[in-house]
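Working notes, beginning with the structure itself.
Starting from 1, each residue takes its place in the sequence as its number. Being a predicted model, the structure only gives us computed values, none of them experimental.
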Amino acid sequence: MNLPRFISLDGIDGVGKSTQIAMLAERLTQAGCDVMTVRDPGSTEIGARLREILLDSDLRMNRLTEAMLFMASRTEMIETILRPALAAGKTIISDRFLLANVVYQSTGNGRENGKPTVAPETLWQMGRIACGGLSPDLTLVLDMPVEIAMARLDGPADRMESRGQEYMANVREAFLRELPQTGGRGEVIDAQGAPDEVAERIWTAVTAQKVSGLFSGS
Ligand SMILES: Nc1ncnc2c1ncn2[C@@H]1O[C@H](COP(=O)(O)OP(=O)(O)OP(=O)(O)O)[C@@H](O)[C@H]1O
Ligand SMILES: Cc1cn([C@H]2C[C@H](O)[C@@H](COP(=O)(O)O)O2)c(=O)[nH]c1=O
């Protein structure tokens, strides 16, 4: 089976990414892959520190600064972890990647006093530089209504979650709009239903041998 070597799972907060990544990692391991999971932002010492700063809802931050710190965390992860792992033949599953950066940092939250957010095209350009051209072979956007995903969240809201339901609804739309720009194959996965049902949809997308019908027009 010709399986993708670099898979990213993304989607709005609370949609079930971490749950599905654990299940997919197990299934790929059973299929004989040497799997490594990472999370963006995070997975490096620098990434972990940047994650703390970035998710701190009490810290005011300019949106371009926010965008660049997410990019920096990803650069560190790519250069110190992902490239060596891919060269060693590992299969990578990343909890989010550049698509999230484009979507979350280009979306307005309605509380910005008319100031523009960063344009998606600018973020894709910055991302191409920050990622050194590396993009996932397959990006899966887990999708579900915002109210259901947000009701699943517990604990204190982080910076993005504290922007509220309208922001997250716009983020959801932006995921669907920007997915075709990722560079690899992209699929939208219905994230509603029991974890096993969602995992089955993901496995079907991972093992699909054709180019995604969503973008090929087939
Ligand atoms: N299919 C499902 N049905 C019901 N609950 C689920 C399902 N998948 C995950 N959950 C629960 O929803 C919550 C969020 O799941 P999870 O942490 O996997 O999502 P996430 O997308 O990684 O969240 P975040 O964006 O906050 O990191 C958890 O409590 C999890 O147990
Ligand atoms: C990579 C990336 C992430 N975000 C947002 C998305 C989430 O709200 C948090 C990360 O938390 P998670 O528990 O790991 O989902 O950060 C972002 O705004 N920009 C990015 O580039």
Discussion item. Quick check on Gln165: does its CD atom have over 12 non-hydrogen neighbours (other residues, nucleotides or ligands) under 6.0 Å away?
Written reply: yes
Item to complete: Check whether any side-chain N or O of Arg74 sits under 3.5 Å from a backbone N or O of Cys131 as a donor-acceptor pair, and report yes or no.
Response: no
Worksheet item: Going by an N to O cut-off under 4.0 Å, is there a salt bridge joining Glu161 and Arg163?
Response: no
Discussion item. I'd like to know whether CZ of Arg49 has more than 12 heavy-atom contacts from other residues, nucleotides or ligands below 6.0 angstrom.
Written reply: no
Worksheet item: Do NZ/NE/NH1/NH2 and the carboxylate oxygens of Lys90 and Asp34 come within less than 4.0 Å?
Response: yes
Worksheet item: Above 12 or not: heavy atoms from other molecules or residues under 6.0 Å from CD of Glu79?
Response: yes
Worksheet item: Who passes side chain to side chain contact (heavy atoms under 4.5 Å, CB included) against Met68, sequence neighbours left out?
Response: Leu64, Met126
Worksheet item: Among side-chain atoms of Tyr104 and Asp13, is any donor-acceptor pair under 3.5 angstrom?
Response: yes
Item to complete: Provide the full list of ring pair (Phe, Tyr, Trp, His ring centres under 6.0 Å) pairs with a residue in residues 49-103, sequence neighbours left out, each pair given once.
Response: Phe6-Phe97
Item to complete: Identify, with sequence neighbours excluded, every residue that meets side chain to side chain contact (heavy atoms under 4.5 Å, CB included) alongside Pro145.
Response: Glu147, Ile148, Arg172, Gln192
Fill in: Under 3.5 Å: donor-acceptor pair, side chain of Arg96, backbone of Asp10
no
Item to complete: Could you tell me whether Leu55 atom CG has more than 12 heavy atoms of other residues or ligands within 6.0 Å of it?
Response: yes
Worksheet item: Taking the side chain from Thr122 and the backbone from Val118, do they hold a donor-acceptor pair closer than 3.5 Å?
Response: no
Discussion item. Please check: side-chain N/O of Asp137 versus main-chain N/O of Arg5, any donor-acceptor pairing under 3.5 Å?
Written reply: yes
Response to the item:
Looking only at heavy atoms, the pair that brings Lys17 and Ile12 closest together is NZ-O, 3.7 Å
Worksheet item: Between Ser94 and Val38, is any pair of side-chain heavy atoms under 4.5 Å apart?
Response: yes
Item to complete: Give a yes or no on whether the backbone of Ala205 and the side-chain of Arg185 come within a donor-acceptor separation of less than 3.5 Å.
Response: yes
Worksheet item: Between atom CD1 of Ile189 and atom CD of Gln20, what is the distance when rounded to the nearest 0.5 Å?
Response: 9.0 Å
